[in-house]
Amino acid sequence: MATVVEPLTNRPLTELPAWKDLEVHFQKIRELHLRQLFAADPERGERLTAEAAGIYVDFSKNRITDQTIELLLQLAHESGLRARIDAMFRGDKINSTENRAVLHTALRAPRGTSILVDGRNVVAEVHEVLERMGEFSNRVRTGAWKGHTGKRIRNIVNIGIGGSDLGPVMAYEALKHYSERTITFRFVSNIDGTDFAEAVRDLDPAETLFIVSSKTFTTLETMTNAQTARAWSLNDLGGDENAVARHFVAVSTNAAEVSKFGIDTANMFGFWDWVGGRYSMDSAIGLSTMLAIGPDNFRSLLEGFHKMDEHFRTAPFECNLPVLMGLLTVWNTNFLGAETVAVLPYEQYLKRFPAYLQQLTMESNGKHVTLSGTEVGYQTGPIYWGEPGTNGQHSFYQLIHQGTRLIPCDFIAFGQTLNPLGQHHDILLANVFAQAEALAFGKTREQVKAEGTPDWLVPHRVFEGNRPSNTILSDRLTPEALGKLVALYEHSVFTQGTLWGIDSFDQWGVELGKVLAKRIIPELDSKEEGKLEHDSSTNTLIRRYRKYKEDSAQ
Ligand code: G6Q
């Protein structure tokens, strides 16, 4: 039975014995260079690695020793990570500020297993929805599902934002190799009308199906875009309201609002309040993914997630990939003072993966108070960002190599390419290995001088090195591999959040701006000057905008 979970320990993180030991330890090793660490220990690059579920993580190029890992593992134990993992998988209400269970792991639990939330077996419900999604996807993909005029669907547009967009976009791009190429997929998220206009400009409404993806079905951006899509469809389909049911389906938890919109609730795919938006790409929010890659591939994606879930749930911490990655992020953030993590996939299909991770990591761990509401006395979630390699090398890598900041990097690569073309893949992989090597070991003044570099140029050509990185390798980007990779980061984020003692599953920080925007919307239309009661900057900006509007109306 799900219960509300109290914070595991009221002892602040920085008061735990292992934290104190880490502080002392850090002072001892802070000056050590990766050059020394590797030179003194020829086995380091084999030993400081871990492999599970077909994912290999080399973390040897972090500024750590074996003792660092031991102390971080001790910190994980003292922080109650084991109990917290068990509570999450059990369905306890660990999202305490919203009084919700956190059960994205149930979305990929195998048929026949059981997880109870408020007395209901949610796994059975998950599989019912998956069945319905599968039937629907097959109908659309085979052309059995027809539009209002009898034409088959050739275009699918997902309308959603945040967690109802970033996962679907990322997964569509990541798994494009496996996608049905006769169907065009588009994604509309932004309230900026340009997003919708450009997404549909070359589409025929008679062949276009919209998936309105919104957990709440009240999100301003999504509902505005959905209404615009409705008008766009009906305008071309003779204004017949019955057309809505053939051209719109919904993914939501809010049947009443879905119905009000005119979507047949038979074509609504549900999920549950225990699935957070940024943890929902493997729920019905993944309908566009399933339509693109087919139900069998979607099930492989879920299997990948599940394999990593099982690894996270059962593996001892010392060989547990998400735990190790999470602990290293805590080390880099709280001891080395890193403010960011660069995620650098050397795989073109993962081009939206950094954007996806930005939400997963920063909405989850961008918190300044602990579960008990007290201000944290340390940094929490770092800034995640990145671009696919090798493009970044010709752009921002300069700062990572020679700038004044410490930027830990996660390099991600696959042994086999999905598009074998000449030497491309060898060159790509040579680059990823070379970047991690250059960041760790750099190039000394002596080496630069020995190359005959004039003295005045030497400082410019020195690479300090000692920049930490992880290298994450897998054999091939398949739906299953993607599931494992996403789950690896989900659980690493959870590990970090647990150590920091924060609620990684709420997002109160997005509320204020939404409320203020709702107040400003009617003011942008108002002709009555005297009514603006914001600060002088906001008032002036609103007045200036009104003037632009007036000018364009003339
Ligand atoms: C994610 C957040 C947020 C959410 C969007 C869309 O964890 O909750 O990004 O996904 O605000 O919400 P709806 O799906 O309700 O439209």
Side-chain angles (χ1 to χ4, degrees), residues 88 94-107 129 157-171 187-192 195-196 210-230 248-261 263 268-289 352 354-367 381 384 486-487 489-491 493-494 496-497 502-518:
M88 175 171 78
I94 63 165
N95 176 0
S96 48
T97 71
E98 296 183 316
N99 192 27
R100 284 180 182 165
V102 174
L103 271 178
H104 41 280
T105 50
L107 296 169
V129 175
V157 183
N158 186 74
I159 299 178
I161 195 164
S164 300
D165 169 70
L166 288 159
V169 176
M170 182 279 286
F187 298 84
V188 175
S189 53
N190 200 334
I191 190 64
D192 186 336
D195 203 10
F196 181 82
F210 289 94
I211 306 173
V212 185
S213 296
S214 176
K215 182 172 163 181
T216 54
F217 229 70
T218 55
T219 304
L220 182 62
E221 291 92 335
T222 300
M223 296 330 295
T224 308
N225 278 319
Q227 290 297 348
T228 301
R230 196 177 191 277
F248 287 81
V249 297
V251 178
S252 187
T253 54
N254 189 344
E257 285 299 322
V258 168
S259 224
K260 236 192 256 172
F261 185 88
I263 295 175
M268 169 180 148
F269 302 90
F271 58 120
W272 306 270
D273 74 355
W274 41 261
V275 186
R278 54 192 175 277
Y279 296 87
S280 68
M281 61 168 276
D282 47 346
S283 71
I285 289 291
L287 184 60
S288 59
T289 314
R352 294 291 290 170
Y356 171 77
L357 276 191
Q358 279 181 348
Q359 184 192 23
L360 180 70
T361 59
M362 296 203 273
E363 205 167 47
S364 297
N365 285 343
K367 311 288 162 65
Y384 276 76
V486 174
Y489 276 95
E490 284 178 345
H491 300 319
V493 165
F494 177 64
Q496 294 161 43
I502 57 180
D503 188 334
S504 299
F505 302 103
D506 62 11
Q507 56 283 311
W508 298 105
V510 302
E511 296 299 321
L512 179 60
K514 283 192 207 170
V515 172
L516 295 184
K518 281 203 174 136

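Remember, it's 1-based here, ligands and their atoms both numbered in the order they're listed. The analysis underlying the following values was restricted to heavy atoms, covering all of them including side chains, and did not include hydrogens, waters or symmetry mates.
- Counting the atoms of ligand 1 from 1 in the order shown, those under 4.0 Å from a heavy atom of G277 are 1 (C), 7 (O), 10 (O).
- Nearest to atom 9 (O) of ligand 1 among the protein's heavy atoms is Q359 NE2, 2.7 Å.
- Around atom 1 (C) of ligand 1, the closest heavy atom drawn from Q507, K514, E363, E221 belongs to E363.
- Atoms of ligand 1 lying under 4.0 Å from at least one heavy atom of G162, given by number and element, are 9 (O).
- Counting the atoms of ligand 1 from 1 in the order shown, those under 4.0 Å from a heavy atom of R278 are 1 (C), 7 (O).
- Residue contact check: S214 has heavy atoms under 4.0 Å from atoms 13 (P), 14 (O), 15 (O), 16 (O) of ligand 1.
- From I191, atom CD1 reaches atom OG1 of T222 across 8.5 Å, with rounding to the nearest 0.5 Å.
- Where the criterion is an N or O separation shorter than 3.5 Å, residue side chain and backbone included, S164 meets it with respect to ligand 1.
- Shown are I211, V258, V212; of these, the side-chain contact (heavy atoms from CB on, under 4.5 Å) with V249 is made only by I211.
- Protein non-hydrogen atoms do not reach within 4.0 Å of atom 11 (O) of ligand 1.
- Between S213 and ligand 1, a contact under 3.5 Å exists for no N or O pair.
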>> What verdict does the side-chain contact (heavy atoms from CB on, under 4.5 Å) test give for E257 and M223, after you've listed the backbone C-alpha separation in whole Å, the side-chain angles of each residue and the deciding distance to 0.1 Å?
In response: CA-CA 10 Å; E257 285 299 322; M223 296 330 295; over 6 Å; no
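- Panel note: side chain S214, backbone G160; no donor-acceptor pair is recorded below 3.5 Å.
- Of the protein's non-hydrogen atoms, T216 OG1, 2.6 Å is the one closest to atom 15 (O) of ligand 1.
- Near I161, meaning under 4.0 Å from any of its heavy atoms, are these atoms of ligand 1: 5 (C), 6 (C), 10 (O).
- The aromatic rings of F196 and F210 sit parallel, their planes meeting at an angle under 30°, below the 60° perpendicular limit.
- Considering backbone and side-chain N/O atoms, G276 never comes within less than 3.5 Å of an N/O atom of ligand 1.
- Y489 and Y384 have perpendicular rings, their planes meeting at more than 60° on a 0 to 90° scale where under 30° would count as parallel.
- Distances from atom 16 (O) of ligand 1 to the heavy atoms of I159, T219, T218, L360 put T219 nearest.
- Looking from atom 4 (C) of ligand 1 to the surrounding protein, the closest heavy atom is G163 N, 3.8 Å.
- Ring-plane geometry between F261 and F217 is classed as perpendicular, the angle between the planes exceeding 60 degrees on a 0 to 90 degree scale with a lower cut at 30.
- Applying the 6.0 Å contact sphere to CZ of R230 captures more than 12 heavy atoms from other residues, nucleotides or ligands.
- Note: F271 CZ to T253 OG1 = 6.0 Å, rounded to the nearest 0.5 Å.
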